[in-house]
Amino acid sequence: MDNRITKKRLSNFLAYEWIAIIIVAVVAVILMELFFTFASVRLTKGQRFTYFYDEFVSGDSDNDFYTVIDEEDSFSFDIREVVGEKLSKEASTLVTRVTTGEANVIFTDTVKRTNSTGQTSRVNRIIDQFDGFTFGDETDDKSAVRAVSEYLSRFLADDKQDKSPLDYGNLSEQKIAANFNERATARIYRNDLKAGIVSVNDEYERIRKLCEDTVYFKKIIEYNQTLADDAKIFYSYKRYSETVENGGNKPSGYDEDTERYYGLNLSRIGPKAKNVFYLTDSEETGDVIAVLFNLGDVYGDLKFEFISFIDAIIKNYSNFADALS
């Protein structure tokens, strides 16, 4: 039998079988994509930290800011990706990202602008629309510090239940390890554990860092309490008040609520911050505010990574960091 490949035979094959060749090639590509998709390690929502520059806040300095955050070693070993994103004018974008669990912090502003609901500011609209942690002390039931303390309390040693959970020495490494082993069943850890890249020692360090960073966060809160009202570095607001002023319904508990510190005023922490966090329109007058999202249990044990993020901003861009050391 003559099985030689000749130019004529090859030409005939391509002429009559080209459709089959394309189909086979397409199927091969799809199969490869599926293989790498299922074989690759998928990040859990908490392992991706996302911060936004709102529509009217410039993100032009993000490369420099990202470098500072990265060099500061701001996050625990468990954060595998940090993303800074500039929001467009599409209002639904932020809603979508929060709904899908992809939002930790947003840099927004206090400028009053006219829209269909009246005179509103972006910061107040965001606070009214989304749940967030406040910058209050442990007496504030919505504060980040209180939430962290409640989380860390689960690790208190049995003989130190009345001690501060922010002191790592009061925690039980046995309880920390048990919690880590439960989390380690997630796919993200399997290969790293086998390869020795990740161990329970990393978890001990994550908890220790959270303790230390929260103590520093408390110092920021205490510093704010020493300032005059017109110099305070936190943004104070009664949630839903702007919505109510513009004709919206009063939510349950509105009348009993009080003003809380819902944001960090980046325009007041020092001149270095103003070179990084500023409005896109230089003609507008207003402050840039960092607001923290509270997405409940979406991020699991990693829901408080914003503590280190805010600490890094204060340490690198404020004019009072030395006073907190």
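The figures that follow rest on heavy atoms only: side chains count, while hydrogens, waters and symmetry mates do not. In what follows, residues are counted from 1 in the order of the sequence shown.
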Just distance, no hydrogens or angles: give the donor-acceptor pairs under 3.5 Å from side chains in residues 165-172, sequence neighbours left out.
| residue | atom | partner | partner atom | Å |
| --- | --- | --- | --- | --- |
| Asp167 | OD1 | Gly169 | N | 2.9 |
| Tyr168 | OH | Glu173 | OE2 | 2.8 |
| Asn170 | ND2 | Ser164 | O | 2.9 |
| Ser172 | OG | Gln174 | N | 3.3 |
| Ser172 | OG | Lys175 | N | 3.2 |

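- Ion pairing between a basic and an acidic side chain is recognised when a charged N comes within 4.0 Å of a carboxylate O; Lys112 and Glu242 show such pairing.
- Between Ile289 and Thr110 the shortest side-chain heavy-atom distance falls below 4.5 Å.
- Salt bridge status for Glu259 with Lys238: absent, with no side-chain N to carboxylate O gap under 4.0 Å.
- Under the 4.5 Å side-chain contact rule for hydrophobic residues, Leu227 and Phe234 share a cluster.
- Screening residues 224-235 for salt bridge (charged side-chain N to carboxylate O under 4.0 Å, His left out), with sequence neighbours left out, gives no hits.
- Contacts of Phe133 classified as ring-ring contact (aromatic ring centres under 6.0 Å, His included), with partners at least two apart in sequence or in another chain: Phe304, Phe306.
- Residues Tyr278 and Val276 are members of separate hydrophobic clusters, defined by side-chain heavy-atom contacts under 4.5 angstrom among Ile, Leu, Val, Met, Phe, Trp and Tyr.
- A donor-acceptor pair shorter than 3.5 Å can be found between the side chains of Tyr53 and Asp62.
- Hydrophobic cluster membership is shared by Val145 and Ile314, with clusters built from Ile, Leu, Val, Met, Phe, Trp and Tyr side chains linked at under 4.5 angstrom.
- Salt bridge Lys86/Asp60: absent, no basic N to carboxylate O contact under 4.0 Å.
- Val288 and Phe56 are assigned to two separate hydrophobic clusters, defined by single-linkage of ILVMFWY side chains at heavy-atom distances under 4.5 Å.
- Applying the 6.0 Å contact sphere to CG of Asp162 captures more than 12 heavy atoms from other residues, nucleotides or ligands.
- Evaluation of the side chain to side chain donor-acceptor pair (under 3.5 Å) test over residues 288-306, restricted to residues two or more places apart or in two chains, returns Ser76-Glu305, Tyr151-Asp301, Asn179-Asp301.
- One distance of note links CG of Leu302 with CZ of Phe49; it measures 11.0 Å at 0.5 Å rounding.
- In the model, Tyr237 has a side-chain atom that pairs as donor or acceptor with a side-chain atom of Asp128 under 3.5 Å.
- Scanning for side-chain hydrogen bond (donor to acceptor under 3.5 Å, both in side chains) contacts around Glu245 gives an empty result, with sequence neighbours left out.
- In this structure, Tyr254 belongs to a hydrophobic cluster whose other members, linked by side-chain heavy atoms under 4.5 Å apart, are Tyr240, Val244.
- Between Asp140 and Thr134, the side chains place a donor N or O and an acceptor N or O closer than 3.5 Å (distance only, hydrogens not considered).
- Within the structure, side chain to side chain donor-acceptor pair (under 3.5 Å) pairs that include any residue of residues 312-325 comprise Glu72-Asn316 (at least two apart or interchain).
- For the pair Glu85 (side chain) and Tyr51 (backbone), a donor-acceptor distance under 3.5 Å is absent.
- Remark: side-chain polar atoms of Ser61 are not paired, donor with acceptor, to backbone N or O of Asp64 under 3.5 angstrom.
- Not counting sequence neighbours, Gln129 has no partner by the side-chain hydrogen bond (donor to acceptor under 3.5 Å, both in side chains) test.
- Among pairs with a residue in residues 217-226, those fulfilling side chain to side chain donor-acceptor pair (under 3.5 Å) read Glu138-Lys218, at least two apart in sequence or across chains.
- In this structure, Phe309 and Phe65 have perpendicular ring planes: the angle between them is above 60°, well past the 30° mark.
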Criterion side chain to side chain contact (heavy atoms under 4.5 Å, CB included) on Asn246 and Thr243, from CA distance to verdict: CA-CA 5 Å; Asn246 285 302; Thr243 297; over 6 Å; no
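- Interatomic distance, CG of Leu87 versus CD1 of Ile106, reported as 5.0 Å (0.5 Å rounding).
- Here CG of Asp257 is found 9.5 Å from OG of Ser241. Values are rounded to the nearest 0.5 Å.
- Tyr66 and Ile79 fall within a single hydrophobic cluster, where Ile, Leu, Val, Met, Phe, Trp and Tyr are joined by side-chain heavy atoms under 4.5 Å apart, directly or via other members.
- The side chain to side chain donor-acceptor pair (under 3.5 Å) analysis of residues 98-109, with sequence neighbours excluded, yields the pairs Asp54-Thr108, Thr100-Glu102, Asp109-Arg113.
- In this structure, the side chains of Val291 and Val123 come closer than 4.5 Å at one or more pairs of heavy atoms.
- Residues passing the ring-ring contact (aromatic ring centres under 6.0 Å, His included) test with Tyr262: none are found, sequence neighbours excluded.
- In terms of heavy atoms, Tyr204 sits closest to Ala177 at OH-CB, 3.8 Å.
- No more than 12 heavy atoms of other residues, nucleotides or ligands sit less than 6.0 Å from atom NZ of Lys274.
- Residues satisfying the side-chain hydrogen bond (donor to acceptor under 3.5 Å, both in side chains) test with Thr258, not counting sequence neighbours, are none.
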